Amino acid sequence: MFISELGEQWHGARIDPTITHLDSASAGRSSNAVIEAITDHLWRESGRGSYVALDDVYNELLDGRNGLAALLGTTGDRIVYRDSARAALRSLLSAWNLPIATTVWVAKNEFGPNLIEFERRGFAVRTLPDADVYGHVDVDALENMLQFEQPEFIHVCQIGSASGVVQPVKRIVDVAHDAGVPVVVDMAQAIGHVPTVTGADFSYGTSRKWLTGPRGVGFVAVHEKSLRPVALADLEVGTDSGYIAGRLGLGRAVAEITTVGAAKVHRELAKVGQATRERMNGIGSWEVVEPIDEPSALVTLAPPPGWQAGDVAAAAAHLRSTGVLVTAAHIQRAPLAMEHSVLRLSPHLDVTREQLDRVAGELRTMGY
Ligand SMILES: *Cc1c(COP(=O)(O)O)cnc(C)c1O
């Protein structure tokens, strides 16, 4: 039995997986139509030549870009494609004329590899205060801090890689903008998953996770009213030589979500997340890390006391051997927040109660 009322439709649009796929936070399962949009274009390129084929799908590409932009509250002409979220962040930081002594404020759930990008550029990184044990940003405290000091920018992962916590990005943007500070949002785990119209100056993400588009496509959106305009031309490199088939596939994936209604998809994923947390919490001494009713479908479980990183990795490997795909997330993913490795379950709309029961059964045998 599907947990979501969209489950049957989502499931029916895809091949039957040979596993229980609870790993959308790594890469979601593309629909058959998305795969066809990609392969159709690859055939077209081989048949007619890539550049002729590009002309043939020009309008479709624009539609896809507009659809993606709409999820971000902007227009297609503000979007630039890159190969991945990380490549998007890199090109943004390269195009942006930041001073040598740049300070960036980040939330506690900051993605480890992003911190490496900041360190590599010599930025001073400071962690925002949190409002609770879960690591939600304390927006009132941030507002206070901004009266005394302003960083070059605030960078926030709307959802990080190793917890389902959803940061209050809209409120962060509001107080930052009142202080004249631009905000960059990492939406790699957020787009297609939670509402992503935030008013942020820059947002970036990837196709392959919750949008269930192809791998190899990332994007950055430069908000029209950005406090620090970056010339889109400086971000745009080699558009014509890019992965056009992948962009068409992403466009199709976005259209599928928009046809159902993005808000509805977000609500249903929140329901899936809550049902997963309720089912798993406390089983075999595994404890849900984020609030049970956090409005996301990224679920993390802290292991029984005393378990080391290798034990959590072994648990993920054991689950895989029983046909369940999850991720062992280690502290490098969120070094400012994590004290131990966690098991990450990221079901999409097609998850069933029976699948969750099976995972719970396996967890019980691995706990106490
Ligand atoms: C996956 C992820 C990224 C990186 O995405 P890529 O497309 O692999 O570069 C960035 N930030 C967060 C929070 C992620 O989960």
Side-chain angles (χ1 to χ4, degrees), residues 22-28 30 68 72 79-94 104 106-120 125 127-128 135-137 154-167 169 172 183-194 196 198 200 202-221 235 242-243 246-247 249-250 253-254 269 273 289-290 294 296-300 325-338 341-348:
L22 304 182
D23 208 18
S24 306
S26 293
S30 288
L68 177 64
L72 299 162
I79 300 262
V80 173
Y81 291 107
R82 313 299 300 135
D83 295 344
S84 65
R86 189 161 192 185
L89 174 63
R90 281 184 181 155
S91 49
L92 175 63
L93 295 178
S94 307
V104 52
V106 302
K108 206 137 178 208
N109 65 337
E110 187 55 71
F111 187 49
N114 291 345
L115 290 169
I116 292 171
E117 293 295 329
F118 299 147
E119 279 158 21
R120 180 180 287 166
V125 177
T127 311
L128 293 171
H136 292 99
V137 170
I154 291 172
H155 182 277
V156 56
C157 295
Q158 189 169 0
I159 301 178
S161 157
S163 125
V165 161
V166 185
Q167 294 293 4
V169 172
I172 292 170
V183 180
V184 181
V185 184
D186 175 339
M187 293 184 172
Q189 291 294 357
I191 191 155
H193 186 183
V194 296
T196 42
T198 65
F202 306 101
S203 21
Y204 65 95
T206 180
S207 147
R208 74 171 193 280
K209 295 177 179 173
W210 297 92
L211 289 172
T212 70
R215 301 157 67 89
V217 187
F219 62 84
V220 56
L235 291 167
Y243 181 28
R247 293 174 197 173
L250 170 58
V254 168
L269 282 172
V289 176
E290 54 279 326
E294 192 71 7
S296 72
L298 198 160
V299 173
T300 52
L325 188 64
V326 300
T327 288
H330 303 301
I331 57 175
Q332 304 90 290
R333 285 175 187 265
L336 304 175
M338 293 172 79
S341 301
V342 297
L343 211 52
R344 185 182 71 184
L345 280 53
S346 46
H348 217 297

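Model, not experiment: these values are computed from the prediction. Just so you know, ligand 1 is whichever comes first in the structure, and atom 1 is the first atom listed for that ligand.
Under a 3.5 Å cut-off, the side chain of Q167 and the backbone N or O of C157 do not form any donor-acceptor pair.
Side-chain atoms of S161 and Q189 include no donor-acceptor pair closer than 3.5 Å.
Put simply, the side chain of V299 reaches to within 4.5 Å of the side chain of E290, judged on heavy atoms. Taking the side chain as every heavy atom from C-beta outward, R82 and L92 never approach each other to under 4.5 Å.
For the atom pair OG1 of T206 and CG of D186, the computed distance is 10.0 Å after rounding to the nearest 0.5 Å.
Applying the ring-ring contact (aromatic ring centres under 6.0 Å, His included) test to F111 and every residue at least two apart in sequence or in another chain returns nothing.
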Ligand 1 polar-atom proximity to protein (N/O, under 3.5 Å):
unit_1, atom_1, unit_2, atom_2, d
ligand 1, 7 (O), A85, N, 2.9
ligand 1, 7 (O), T206, OG1, 3.4
ligand 1, 7 (O), R208, NH1, 3.1
ligand 1, 8 (O), R208, NH1, 3.1
ligand 1, 8 (O), R208, NH2, 3.2
ligand 1, 9 (O), A85, N, 3.2
ligand 1, 9 (O), R86, N, 2.8
ligand 1, 11 (N), D186, OD1, 3.3
ligand 1, 11 (N), D186, OD2, 2.6
ligand 1, 15 (O), Q189, NE2, 2.9
ligand 1, 15 (O), K209, NZ, 2.9

